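Comments concern the structure below.
In what follows, chains carry the letters A, B, and so on, assigned in the order in which the sequence lines appear, proteins first and then strands, with residues in each chain numbered from 1. Not measured: the values here are computed from a predicted model.
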There are 2 protein chains.
Amino acid sequence: MTKLADVAKKAGVSPTTVSRVINNYGAISQKTRSKVHEAMKELNYQPNSLARSLQGKKTQLIGLIFPSITNPFYAELIATIENQLFKNHYKVILCNAADDPQKERDYLNMLVSNQVDGIIVGTHAKGLKEYGEVKQAIVSFDRYLADSIPIIGSDNYQGAALAATELIASSAKNIYFLGNVHAGRDLQPTDQREIAFRKILSDHNLEPHFLPLTTDLSVNIKHMMIRDLLANNQKIDGIMTTDDLTALLTINVAQELSINVPQKLRVVGFDGTKFIQDFYPDLTTIAQPIPDIAELLITTLFKQIDEKVSYQNKHFILPNKLIKGGTTHSN
Amino acid sequence: MTKLADVAKKAGVSPTTVSRVINNYGAISQKTRSKVHEAMKELNYQPNSLARSLQGKKTQLIGLIFPSITNPFYAELIATIENQLFKNHYKVILCNAADDPQKERDYLNMLVSNQVDGIIVGTHAKGLKEYGEVKQAIVSFDRYLADSIPIIGSDNYQGAALAATELIASSAKNIYFLGNVHAGRDLQPTDQREIAFRKILSDHNLEPHFLPLTTDLSVNIKHMMIRDLLANNQKIDGIMTTDDLTALLTINVAQELSINVPQKLRVVGFDGTKFIQDFYPDLTTIAQPIPDIAELLITTLFKQIDEKVSYQNKHFILPNKLIKGGTTHSN
DNA sequence: CTGAAAGCGCTAACAA
DNA sequence: TTGTTAGCGCTTTCAG
């Protein structure tokens, strides 16, 4: 590997001078500067960022810990974050926690060990307490991790309220909530969806129904459970899900059972990714503002990194939008 | 940041001893070992991997350069790779090249600068010549980059032949190929799909038709182009696409135009991700063996890293599978 | 079985 | 405007 000293020798200057050219600070004659640049070019020199970071300089590395990357919602969020970070000269270390606490813990240690400048956490499993002990800047997506870690998310209550209201407006009376339900554990931001659902239905004197679907279930199992629900309960005429994929599954099942959507059954999803809008525009759903979420995650992280801002019990909430499609309105 | 020296002091030993415990080599008394472990625990010590790698040790970092992460195919490939690498104690730096050669070049430099142990490249834009000049281990997915860089991919010829054969078997006569067509540039592995398509149709005395769709087109534009094609050409009765998303789009358009699939129009996709099989099981498609591809990419990379194996014009080809769905056969 | 000292590639006082 | 020197946190000879 060619090193700074090689460049210095080739250019006939000291290592310091080369360093100054690279980081361009201090006063350097134009002549020296070009000599150095030429030498770098000829040797195809790339500075060793490890050595550089060892001096206390930033690594320009950000760790991303997410529960999945194949889910279109996370894929789009990760892609957006990556893109923004790249523009700010940061690189991304991708950590797929896969709902495995041990893997998440190992990854966290790795990130610390690699001296990343910051960490963005989006896991939906119960948060590791270790996050609170890390000195790195951290922000969280839609999840409480520690008092000192700011949370960014969309307005789960408002979003779910929109969904429930839309179902009721499309004259559904027998409505099910499919997805994560709050089961004894501590209340997390996403649990607001269930709370809003209960509230809106109660406001309309309707009884809320639930089919709990945890994230660890395979798609086939979920499929079977939904099929079971719809096949044995002819009265169901409205379903809201906590993600669009479950909504898709529901629609597939309805088709298998020859249940007409939206005549017999109205369906509303949640997430509203570009993917769904492109390839399943018919689905009524609640769109989370992915670009805004990504931007806010990053700016909040940068405030900690660059301005040493620290947060206490801070929760940033962004509004969701209802996208009306053919699964609640026939056209 | 607590450092090795802090641990040493706390344990009342020399830094050398601590280092030996961490890397567990040399001979250490059990007593010393536990003292050190205890000190590490108490101080919540994480070794600084930058300092460690500066000595020439591996960084345990692998760069992944892909054209997209939101496309389910790449998302699944990346997820599988990440998972395998994690098991081998490697971390992933995710580089979304986004079909932008400059971004790709910048990322490559960053990866070199970060001393990654290896790079897996899956970009489908024309390969940068710079890849040939890098000293790091590199493998490529389905793309020629340089003689020294091994290529791993599925059997594009065989896959496309399966697709075309399936269309013809379902009695399609007027068949279109939708997707990347080889246009003057050098021949890449994926161009075998077009070649196979031409060959199979020619074998059956059918004329091949094409709607070129480059990857830089937005989904809306593609949608429009496909709509244009189907609306103005009633005779079309078979379509094969070079990816499943385009197939989905085609089916959506057909539905808009009230063209019955598969009675009037047979459709075959390409990629066969788990995502499609879960949420669009009806689609006939060619499934690429993502787990095998990931594994072969990694083992080929590791051979270079660990055993200093070098390759010349090596091309590993894995077989595809036809998945028969309702878009070519009515049931 | 343990420690002292040199050095990985780079940056940052401090001099000149 | 440029160079000398020390040192980032760790590993690794070489001694003991």
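Side chains of A:Ile81 and A:Ile62 form no contact here, defined as non-hydrogen atoms less than 4.5 Å apart.
No hydrogens or angles considered: a donor-acceptor pair under 3.5 Å links the side chains of B:Asp142 and B:Asn156.
In B:Lys58, the NZ atom is crowded: over 12 heavy atoms of neighbouring residues, nucleotides or ligands sit closer than 6.0 Å.
Aromatic ring centres of A:Tyr107 and B:Phe86: separated by under 6.0 Å.
Taking a 4.0 Å limit (strictly below) on heavy-atom distances, residues 105-117 of chain A does not reach DNA chain C anywhere.
Separating the CG atom in A:Leu301 from the OG atom in A:Ser140 is a distance of 11.5 Å, to the nearest 0.5 Å.
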Could you encode protein contacts along nucleotides 7-13 of chain C as a string, one character per nucleotide from 5' to 3', using B for base contact, S for sugar-phosphate-only contact and - for no contact, with a heavy-atom cut-off of under 4.0 Å?
BBBBSBB
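Look at B:Thr17 and you won't find any side-chain N or O under 4.0 angstrom from OP1 or OP2 of C:dC1. Remark: A:Ser53 is not in phosphate contact with D:dC8, judged by side-chain N or O atoms under 4.0 Å from OP1 or OP2.
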What verdict does the side chain to side chain contact (heavy atoms under 4.5 Å, CB included) test give for A:Phe66 and A:Leu94, after you've listed the backbone C-alpha separation in whole Å, the side-chain angles of each residue and the deciding distance to 0.1 Å?
CA-CA 8 Å; A:Phe66 280 89; A:Leu94 179 65; 5.6 Å; no
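Tested against B:Thr80, the residues B:Leu297, B:Ile290, B:Asp292, B:Ile293 include a single side chain to side chain contact (heavy atoms under 4.5 Å, CB included) partner, B:Ile290.
Checked for salt-bridge contact, A:Glu82 and B:Lys103 meet the test: a charged N lies under 4.0 Å from a carboxylate O.
Here the P atom of nucleotide D:dG9 and the CG atom of B:Asp6 are 9 Å apart, to the nearest Å.
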